[in-house]
Amino acid sequence: YIAEPTPVEDLISELVKQATLAIWWDDAARKLRLTVIRAIPSSATVFSDDNVLEGSLQSNEQPERRISEVQTYFAQRSPIGGVEDPSNYRSCVITTNLDAVAKYGTNAIKTLFSRWIPFGGRAIAERVNAIFLGRFEDAPRRFSHSLFRYGNIKPALGGGYQLQAWPLQSATGARENVPIQIVSLDPREDRYDVESAE
């Protein structure tokens, strides 16, 4: 129940975040797209030195997006009470990744207030927490680069790919494939300008 007038945008935003979805407008198809955020398979198309324009790759760290603990309040007591008032919920599931806390030396807490998870939905709340911790245990990076416009590589907005470049290395210094999802795509006459999230 939604007791007070609430913008549809706010309600959809809550659902998209808590159900780990991605939603965007596809200009080419003139459709609103919706997908579940999943792990990018290692078999996905690789963007590497073969198709990325030299000198175009930029990487931005986002330490503020790191999460080591998720608190999900659910089973709302009253739709009239505050949506972000912990006392308005019957249950709370707290999941902490102690390895991530030890690794970074501080706890980074994400709090979710879910009017969508019903009473008895503990398994749902635990799954939401696990997904958030799996995705944000290490702060995801944001990348921008340009791709050559040739061959059969046609990047798609919202598509999942692997990115490989010398700045992306494992602890041993070996090249590392980083899973990415394209969040912005600008097709130009000679290239594709791409922004993606790890």
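We number each residue from 1, following the sequence as shown.
Shown here are the side chain to side chain contact (heavy atoms under 4.5 Å, CB included) partners of Arg90, two or more places apart in sequence or in another chain: Ala75, Arg77, Phe119. Applying the salt bridge (charged side-chain N to carboxylate O under 4.0 Å, His left out) test to Arg188 and every residue at least two apart in sequence or in another chain returns Asp186, Asp193. For Glu69, there are no salt bridge (charged side-chain N to carboxylate O under 4.0 Å, His left out) partners, not counting sequence neighbours. Arg141 meets the side-chain hydrogen bond (donor to acceptor under 3.5 Å, both in side chains) test with Glu198; sequence neighbours excluded. By the side chain to side chain contact (heavy atoms under 4.5 Å, CB included) test, Ala39 is found to be paired with no residue, residues two or more places apart in sequence or in another chain being considered. The side chain to side chain contact (heavy atoms under 4.5 Å, CB included) search around Asn129 returns Val70, Thr72, Val93, Thr95, not counting sequence neighbours. Applying the side chain to side chain contact (heavy atoms under 4.5 Å, CB included) rule to Asp10 yields the partners Thr6, Pro7; only residues at least two apart in sequence or on another chain are considered.
Pairs passing the side-chain hydrogen bond (donor to acceptor under 3.5 Å, both in side chains) check and including a residue from residues 50-68, sequence neighbours excluded, read Arg66-Thr106, Ser68-Asn107. Judged as a ring pair (Phe, Tyr, Trp, His ring centres under 6.0 Å), not a single pair has a partner in residues 171-198 (not counting sequence neighbours). Among residue pairs with one or both ends in residues 158-176, those qualifying as salt bridge (charged side-chain N to carboxylate O under 4.0 Å, His left out) are Asp49-Arg175; sequence neighbours excluded. For residues 36-82, the pairs satisfying ring pair (Phe, Tyr, Trp, His ring centres under 6.0 Å) are Phe47-His145, Phe47-Tyr161, Tyr73-Phe113, with sequence neighbours left out.
For the residue pair Leu147 and Pro155, the shortest heavy atom distance occurs at CD1-CG, 3.8 Å. Annotation for Gln71 and Cys92: closest pair CB-SG, 4.5 Å, computed over non-hydrogen atoms. Among all heavy-atom pairs drawn from Ala125 and Ile117, the shortest one is CA-CD1, 4.0 Å. Minimum heavy-atom separation, Val183 to Ala197: CG1-CB, 4.2 Å.
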Start with the C-alpha distance between Val178 and Phe143, add both sets of side-chain angles, then the distance that settles side chain to side chain contact (heavy atoms under 4.5 Å, CB included), and finish with yes or no.
-> CA-CA 10 Å; Val178 174; Phe143 301 101; 4.0 Å; yes
Under the side chain to side chain contact (heavy atoms under 4.5 Å, CB included) criterion, do Thr96 and Val101 qualify, and how do the steps go?
-> CA-CA 8 Å; Thr96 306; Val101 175; 4.2 Å; yes
Under the side chain to side chain contact (heavy atoms under 4.5 Å, CB included) criterion, do Trp116 and Glu14 qualify, and how do the steps go?
-> CA-CA 9 Å; Trp116 307 102; Glu14 285 178 21; 3.0 Å; yes
List the steps and the verdict of salt bridge (Lys or Arg N to Asp or Glu O under 4.0 Å) for Asp26 and Arg33.
-> CA-CA 6 Å; Asp26 183 344; Arg33 302 282 189 188; 3.1 Å; yes
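By the 6.0 Å contact criterion, CD1 on Ile2 is enclosed, its count of non-hydrogen atoms from other residues, nucleotides or ligands being greater than 12.
Side chains of Leu57 and Leu163 form a contact here, defined as non-hydrogen atoms less than 4.5 Å apart. Within the 4.5 Å cutoff, the side chain of Arg191 has no heavy atoms near those of the Phe148 side chain. Here the side chains of Ile180 and Ile40 are not in contact, with every heavy-atom distance at 4.5 Å or above. Within the 4.5 Å cutoff, the side chain of Val83 has heavy atoms near those of the Arg115 side chain. For the pair Ser78/Asn88, a side-chain contact is recorded, criterion being any heavy-atom separation below 4.5 Å from C-beta on.
Using a 4.5 Å cut-off between side-chain heavy atoms of Ile, Leu, Val, Met, Phe, Trp and Tyr, Ile23 falls into a hydrophobic cluster with Val8, Ile12, Val16, Leu21, Trp25, Leu32, Leu34, Val36.
From Gln162, atom CD reaches atom CG of Leu168 across 11.0 Å, with rounding to the nearest 0.5 Å. Note that the CD atom of Gln181 and the OG1 atom of Thr35 stand 7.0 Å from one another [nearest 0.5 Å]. Rounding to the nearest 0.5 Å places CG of Asn97 at 9.0 Å from CG of Asp138. Between atom OH of residue Tyr104 and atom CD of residue Glu137 there is a gap of 7.5 Å, rounded to the nearest 0.5 Å. Of the inter-residue distances, the one linking Ser114 atom OG with Lys17 atom NZ reads 10.5 Å to the nearest 0.5 angstrom. Ile131 CD1 to Thr20 OG1: the interatomic distance, rounded to the nearest 0.5 Å, is 4.0 Å.
Of the N and O atoms on the side chains of Ser144 and Glu195, not one donor lies less than 3.5 Å from an acceptor on the other residue.
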